[in-house]
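Report on one structure; see the data block that follows.
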Amino acid sequence: MLTLTCPCCGVAAEETELAPGGEAHLKRFGPGASDEDFEGYLFARKNPKGVHFERWRHAMGCGKWFLAARCTATLEVFGTYKAQSPEPPPEIIAAIKARRPDWKGYS
Amino acid sequence: MRRYSVFAVAREALRFHAGWGRAWAAPEPKRKYDVIVVGAGGHGLATAYYLGRNFGIRNVAVLEKGWLGGGNTGRNTTIIRSNYLQDPSAAIYEKARSLFETLSQELNYNVMFSPRGLLMLAQTEHEARGYKRTVHANALQGVQTEYIDAARVKALVPIINIEGPRYPVLGALYQARGGTARHDAVAWAYARACSDMGMDIIQNCEVTGVRSAGGKVQGVDTSRGSIDCDKLAIVVAGNSSVLAEMAGFRLPIESLALQALVSEPIKPAIDVVVMANTVHGYMSQSDKGELVIGGGTDGFNNYTQRGSWHHVEETVRALVETFPIISRLKMMRSWGGIVDMTGDRSPILSATPLGNCFVNCGWGTGGFKSIPGSGWAMAELIAKGAPGPLAAEFGLNRFREGRFIDESVAAGVAH
Amino acid sequence: MSTRLATGGRLIDRSKPLSFTFDGRSLGGFAGDTLAAALLANDQMLIGRSFKYHRPRGILASGVEEPNALVGLGQGPRFEPDQRTTTTELFAGAATVSQNAWPNLDLDIGALNNLAYRFLPAGFYYKTFMFPRFAWKHLFEPVVRLSAGIGRVPKDRDADRYEQAYDFTDVLVVGGGVAGLAAALAAAKGGQRVLVLEQTAHWGGRAPVDGIAINGMPADAWVAETVASLAALPNVTLRRRTMAAGVYDHGYVVAQEAVADHLPGADLPRHRLWRIRAGRIIAATGAIERPLAFAGNDIPGVMLASAARDYVVNWAVSPGDRTVIVTNNDDAYRTALALHDAGLVVPAILDARAKAAGELPALARARGIRVLEGRGIARVKGGKRVKAVEVCAQAGEGAVLETIACDCVAMSGGFSPVVHLYSQPGGKLVWDAANGMFTPDPARAPTGADGKPFVTCAGAASGALQAADALADAHAAGGGEAAQAPRAEAAAEAPMQPVWMMPQGAPAKLRFKMWLDFQNDVKVSDVQLAAREGYESVEHTKRYTTLGMASDQGKMSNINGLAILSDALGQPIPATGTTTFRPPYAPISFGAIAAEARGEIFQPLRRTPMHDWHAAAGAHWEPVGLWRRPYCYPRGGESHSQAVNREVTNTRQNLGLLDASTLGKILVKGPDAGRFLDMLYTGVMSSLPVGKCRYGLMCSENGFLIDDGVVVRLADDAWLCHTTSGGADRIHAHMEDWLQCEWWDWQVYTANLTEQFAQVAVVGPNARKLLERLGGIDVSKEALPFMAFTEGTLAGIPARIFRISFSGELSYEVAIPASHGLAFWKACLAAGADLGLMPYGTEALHVMRAEKGFIMIGDETDGTVIPQDLGLGWAISKKMPDYLGKRAQERSHMTNPERWKLVGLETLDGSVLPDGVLAPAPGANPNGQRATQGRVTSTYFSPTLGCGIAMGLVRRGPERIGEVLEFVAAGKSIPARICDQVFYDKSGEKQNV
Amino acid sequence: MSEPISALAGKNAEGFARVSEAGLQGMITLRGNLASAALAAAVKAATGCALPGNRGIHTKAGKAAAWMSPDELLLLVPYGEAEATAAALEAALAGEHALAANVSDARALFRVSGAKADQVAMKLCPVDFARLPQGEIRRTRAAQVAAALWRSAPDEISLVCFRSVAGYVFDLLAISARTGSELAPA
């Protein structure tokens, strides 16, 4: 039963107040994109056993989407941040490195 | 192999069962195999078994990081059905179901296949239309199902509450030859048969890397050394993406936790399997008397085999509403497994970007019931290097082509 | 025999006698008794039968670990099977029945299995019942299933109610024994919020029974004092009768409070399920004693030494007149002392250890109790109760040295810390060889959201079995300084000696009578068989033998079984490992898990402002999402279909009224709103003139049609998007997702106004007349043409009128504030009486839209259909460079000309095609399934045309108009001609009048 | 013109706390740039309240302004004023990107009052009420539906939910407040 702190309103919301939204930082491919890029965007998933960047919506709350860095093997949460981040911000990366020195880093 | 029979048991009884040998061997890994199957769950073992049985390929190793049958094979709610809407699904699940009919005899190991009948309740007009559509489709697919009315539902399941009030039971999709089997026994039976064919089942052997050269697989590195192979099959539901990454490709899969639970054992209360998809719960009764209960998956990526409590509440809520008499029974045990969820909720049996490497994954919440059919189709794919008709529609290419196999359209959730 | 002692009993109130029944026999007990204590007090040694062999079963334990003494409790709507007598508080009139015995407990037919025990070893069913196959199908399988279970099935709906509650705490202490209290006190002094849960009705746990002294006072006194001081602290909450059942990730704990189990019939929730979020959890859950594995250890009268002590001290119940103690540790001597001091006979203490030289053995000897060292039990004699024990050398093979008559055997195989709550969320254990137990591994504790450990075991639960160590450990766990730790004085205990089998060289004949799992009848021989057959993983052994799968979930059997398995495999116990601990710690009721969510509030029921009117008008309901909409309004003796036909005909000929309030209404506003809607819909919305309406389709990014509805341009920068009834929330979330996560720099705001407005469809030739009568807004063809809207005051109510039609008739949809919805509805009915106005329901709506060939999301679409399949090309912009789903629709399978496309279908005989039928194509597919070429998506009887009409998806359908297809239902073939999907008023003039 | 009626027309129930539907309440959803001075001024004009900070709710003379999200406020005004106030806000903010909508009829307002009011809410909402100060609004879940609640008086919790589920929420609150089912340990 996860608790994630919504960076938009500051509430430490419990899982039942949140709606999961899958992998974060996916780049949208539209008309003109290759079949491969489009398939990658829509379906190919990292689904890592370990550090994962994911989307959440504070659905039973402020209604805002946000992103979380979480370990799928221990459910440890490294931090949450704005949904409008094209990639994980430095402080999140630092927080992960501090806890997972052998982590390969975001790619 | 020592043949199992009531006579053998009787003979052994006289000497306190001292004469029984191992059900399967515990060999050391060889340097090389024709085929390595990663994952000694039901799917992996069935794949190996049919490689030997149907294609005479017996130089096979099945590698298991833990204990065989320890993944979703030993964690599911043991439901067997083939009342699927889409042709490719109906084909492979019905193949599996029909193999279950004679599996105990074929493997000389009683997997307790129990075709007690399975009901999917229709609780909205929309759901009823969906199930009627499925019945018509099944008829053309050679799957025996029928749509029955509420009165017959009540007759089959006296403890059901058909009046609702929120979701009166309008009828049900009924598969008389659907049911359950003893999940562990399915894995053990295949393991025993594989071992008997001279295949190596190697437990506590974790794959740590996939070796390849020139775009073709060479072998695997494991916690028990490096092993070569001509062909590699990845059959590791829950960890498919992890193995895929080792093999250098990405899958349209997310690993999600799915929970199940059982009540304390009571005398026979429900003689069929009932699935109530509008309210998201399903229930049957085990031979030990426990009510076996399952529901929907968690929504976020998770490898811990621990689910979230609120899903247990949703499921139990649904079943107490559907079967009011269970309210005073107690939850005795709950557990979780990690399932592969694909982009269209249907499985993947496919060649991969890596030559001679094949993958069988993405069964979502429907894996157990498909084990024999999945193994059968996977063995053909590996042996021939190209899919036969059962696997043909389940290739990875469908995601690029937009050729999905979506079962959720039958108003149902796959279990 | 077991009986009530004349004096003593710290938990019972002799001034409050209570009567209850067991299998119809009326018995007596006292307030404070557990059912088990009361049964024992009445010499009810035999309580039930085991699962597999139907062996006689008595009371083994005194707490939640009891595997045997389960009964059916209560009657009718309050009957509950598998009720644990050792944890059930006795109440007046409790009606209990024994389980798994027929015709009765004393002579049970099922006990025949017991004679055949040799033929029914672990997993025998995997090896048998296979041949001949028909016999499995028709004979064995049904029989196997009939023998299922223990408790009887409840017959009635539960008469009680349940509820749930949330709580939050910094420190959660589980267990109200002396360790838990010490930990709580230490934690509370730090000022943190502390919540203490105790599963029984009493504080103090075992310490008072064990005669421990703490800080110089008797345990009872210290407990009372400590509880009082805790209760006085504002930051502490104490809850009794509350069992922590499960620890989940991020400090989430599920606990069940037995609010009214002991007060049946009171107007109270029976159970309350707590969902607690704890910063840190201290599991002071104690330790559970293990049985010893000797032949006949399952005969009623054999019980745990600690339990025998509990019955004497807590409830003044003697488990027997002559009790033989058998042990491998010093603690069991406390039982000998307690029994002796209660005036009962302890003929001997059989100590498996070569020497028993500790302080406690000395005390026993001082009382003249025989202590036999290096001795064990070869066999217990007796059937339904213990008659005697045969003594043997533990080191030997069971040669009988002497026989001691007795009616009770108190056994102790040592203690196992209760580490469940620590293990459930992932905590790992280490093996303590000296004490033969698993203890929490501090290096591998379960971690929380911050990655730090959040569960600590304290006291006996952490392996500190001696009172003094336990208190110090618990005090430290609570954050207290060592100096302030409460000090316990207790007799020092000499080391125990693990004994897994008694005697150690027991032959097969004896091993076949040594029980490990008492409920499931798993014996030493079964585990050894599993090992022999290669079921080497502890999980395999458990699943093959069913060891630990009974309702005590292995609390009694797991460690012993594990040791036997390890021995059989010739490997140390840690190498074998344990099975996983899963919630719940002990069973919790489904009622509590479902709680208040039953009947009308099982799920939220969404009501429109006119809901109650529909109910009063006798509407037949149809669930639509969480809404409940009128399907039709049957009149007199009308069937539903008759009502639907009447509603359709009346609407087409006169005037119909539909409650369309459930339609989604989402306001989209801002400088970039038009641009945003152009991405959201397949058609252009930015070009829609103010004051006009346009039909729009929404697709998922994967290309499939997900919703449709009329879009209205309210102002330069504002649009109102109508969605399907089920779709409002989903589509609003869909909009916000794209606005927040993809186009977050676009200036667009949305607001879901669905419930702000009631919406009423006024439909039929007389529609304009009715609105004119209501007055206030010019609804003439000129002022309000088709696909336009206007605002004003209608019937004195602020209203917005959309001139749109989903039926093909002259039609207006009127939106009014929800608070006026009912009033407006009634105003229409009053004003329209002589215009033939009748309300109509969802089914009439469906029929009329089908007559017009309009698609319905969920019927024509099912998640696999794209707009191009539905002949909706006109609603898909060719000019727009992009919209959600556009790229997806360019994929090869989506552009395949062979796709099934929407057409109309009419049977040759005018009959109605069955729902969802398919049209086979010649031949079969490679899997031998009949090939198909089309299916019905919507099919109705059209009262307007007097025949069946349908729509369907057919391969290349639109190119095949006029062709006849054979649809197949239940083997019967039904010919139907492919036709235009518009069956009624093709020119569309009726809606344009 | 017909009389407007609230979702449950003031229905109430007595238990260890009092549960009542508060009748008609003017409510306005205001979305916009909360940093803009014009918006702050418009809110002040509409409610007399200063702009609340994160999760804050300011009350003044029967009106209130509540922070709902980084770009959304909920304004409480007398029911009869809601339409005009919404229009006034739209006008005042015509210059910038904002949305003001009257949602009075889309909501239901409940008051749970009495010394044990918290215990009623604790049965339905995963909220740490001991840490919910007066002046804060908490958007959360009440059993299976969305809700927003705040302490409208020392012994009173106000709860807002959607109008269509008012009956559901009332039944939940009423059951939770049943006498005898207090959460206080005995």
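The sequence lines fix the lettering, A, B, ..., with proteins before strands; numbering per chain opens at 1.
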With a 4.5 Å heavy-atom cut-off, do B:Met112 and C:Glu141 have their side chains touching? no
Against chain C, work out which of B:Phe7, B:Phe323, B:Tyr167, B:Tyr147 has the most heavy-atom pairs shorter than 4.5 Å and name it. B:Tyr167
Of the listed B:Gly69, B:Ala91, B:Gly289, B:Ser334, the one with the largest count of heavy-atom pairs under 4.5 Å with chain C is B:Ser334
Pair B:Lys288-C:Lys52, side chain to side chain contact (heavy atoms under 4.5 Å, CB included): steps then yes or no: CA-CA 9 Å; B:Lys288 298 215 342 289; C:Lys52 190 171 169 188; over 6 Å; no
Spatial distance of atom CG (C:Asn702) from atom CG (B:Asp344) [nearest 0.5 Å]: 9.0 Å
Tell me, out of B:Met331, B:Glu401, B:Lys132, who's got the most heavy-atom pairs with chain C below 4.5 Å. B:Met331
Working to the nearest 0.5 angstrom, can you tell me the gap between C:Phe590 CZ and B:Ser263 OG? 5.0 Å
Contact summary for C:Leu529 and B:Trp20, nearest pair of heavy atoms: CD1-CD1, 3.5 Å
Report yes if some heavy atom in the side chain of C:Gln83 is under 4.5 Å from a heavy atom in the side chain of B:Glu264; otherwise report no. no
Are the side chain of B:Gln105 and the backbone of C:Met130 linked by a donor-acceptor contact shorter than 3.5 Å? yes
Apply side chain to side chain contact (heavy atoms under 4.5 Å, CB included) to residues B:Arg400 and C:His893 and explain how you reach the verdict. CA-CA 9 Å; B:Arg400 184 164 305 185; C:His893 186 67; over 6 Å; no
Side chains of B:Arg192 and C:Glu533 in contact at under 4.5 Å (non-hydrogen atoms): no
Checked B:Val6, B:Leu261, B:Leu319, B:Asp184 vs chain C; the most non-hydrogen pairs under 4.5 Å come from B:Asp184
Please check: side-chain N/O of B:Arg403 versus main-chain N/O of C:Met894, any donor-acceptor pairing under 3.5 Å? no
Chain B: which of C:Lys155, C:Gln528, C:Met549, C:His540 shares the most heavy-atom pairs with it under 4.5 Å? C:His540
Test salt bridge (Lys or Arg N to Asp or Glu O under 4.0 Å) on B:Arg22 and C:Glu536; report intermediate values, then the result. CA-CA 10 Å; B:Arg22 298 184 61 97; C:Glu536 294 169 335; 2.6 Å; yes
Per the side-chain contact (heavy atoms from CB on, under 4.5 Å) rule, which among C:Asp156, C:Asp158, C:Asp160 passes with B:Ser327? C:Asp158
Atom NE2 of C:His250 and atom OG of B:Ser308: how far apart are they, to the nearest 0.5 Å? 9.5 Å
Given a strict heavy-atom distance threshold of 4.5 Å, which part of C:Gln553 is in contact with chain B: side chain, backbone, both, or neither? side chain
I'd like to check C:Thr842 versus B:Glu125 (side-chain heavy atoms, cut-off strictly below 4.5 Å). Are they in contact? no
Assert top hit (heavy-atom pairs under 4.5 Å, partner chain C, pool B:Asn108, B:Leu14, B:Thr304) equals B:Asn108
Is a side-chain donor or acceptor of C:Gln929 paired with a backbone partner of B:Asp87 at a separation under 3.5 angstrom? yes
Side-chain donor or acceptor of C:Arg543 paired with backbone N/O of B:Gly74 under 3.5 Å: yes
Find out whether C:Pro154 and B:Leu329 are in side-chain contact, i.e. whether some heavy atom of one side chain is under 4.5 Å from a heavy atom of the other. yes
C:Arg270 side chain to B:Arg328 main-chain N or O, any donor-acceptor pair under 3.5 Å? no
Counting N and O atoms only, with roles assigned by atom type, does the side chain of B:Lys267 sit under 3.5 Å from a partner on the main chain of C:Gly149, one being a donor and the other an acceptor? yes
Side chain, backbone, both or neither: which part of B:Asn204 has an atom under 4.5 Å from a heavy atom of chain C? neither
Look only at the side chain of B:Glu321 and the backbone of C:Gly599, and say whether a donor-acceptor pair between them is shorter than 3.5 Å. yes
Close side-chain approach of B:Ile266 and C:Arg152, heavy atoms under 4.5 Å: no
Is any NZ, NE, NH1 or NH2 atom of the basic residue among C:Asp82 and B:Lys330 found under 4.0 Å from an Asp or Glu carboxylate oxygen of the other? no
Heavy-atom contact with chain C under 4.5 Å, split by part of B:Glu101: both
Heavy-atom side-chain contact between B:His136 and C:Pro914 under 4.5 Å: yes
Closest non-hydrogen atoms of B:Arg166 and C:Pro604, given as atom of the first, atom of the second and distance, are NH1-O, 3.1 Å
For B:Arg317 and C:Arg598, what are the C-alpha separation, side-chain angles and deciding distance, and is it a side chain to side chain contact (heavy atoms under 4.5 Å, CB included)? CA-CA 7 Å; B:Arg317 195 188 290 155; C:Arg598 39 177 76 180; over 6 Å; no
Under 6.0 Å between the ring centres of B:Trp67 and C:Tyr535? no
C:Val153 to B:Ile325 - nearest heavy-atom pair and separation: CG1-CD1, 3.6 Å
Under 30°, 30 to 60°, or over 60°: which ring-plane class applies to C:Phe512 and B:His17, parallel, tilted or perpendicular? parallel
Nearest 0.5 Å please: distance from the CG atom of B:Leu68 over to the CD atom of C:Glu539. 12.0 Å
Applying the side-chain contact (heavy atoms from CB on, under 4.5 Å) test to B:Trp309, which of C:Leu273, C:Asp249, C:Val253 qualifies? C:Leu273
So that I know where these two stand, are B:Trp188 and C:Tyr126 an aromatic pair - ring centroids less than 6.0 Å apart? yes
Regarding C:Arg118 and the six-membered ring of B:Phe16, is the cationic atom NZ or CZ under 6.0 Å from the ring centre and inside 45° of its axis? yes
Distance (rounded to the nearest 0.5 Å) between C:Arg891 CZ and B:Arg398 CZ: 12.0 Å
Polar side-chain atom of B:Asn110 near backbone of C:Thr128 as donor-acceptor pair, under 3.5 Å: yes
Do the charged groups of B:Arg133 and C:Asp915 touch, with an N to O distance under 4.0 Å? no
Below 4.5 Å, heavy-atom pairs only: which of B:Gln141, B:Glu313, B:Gln123 has the largest tally toward chain C? B:Glu313
Tell me whether B:Arg129 contacts the main-chain N or O of C:Asp859 through its side chain, where contact means a donor paired with an acceptor under 3.5 Å. no
So how far is it from C:Phe602 CZ to B:Thr322 OG1, rounded to the nearest 0.5 Å? 6.0 Å
If every non-hydrogen atom of C:Tyr248 is compared with every non-hydrogen atom of B:Gly307, which pair is closest and at what distance? CD2-O, 3.8 Å
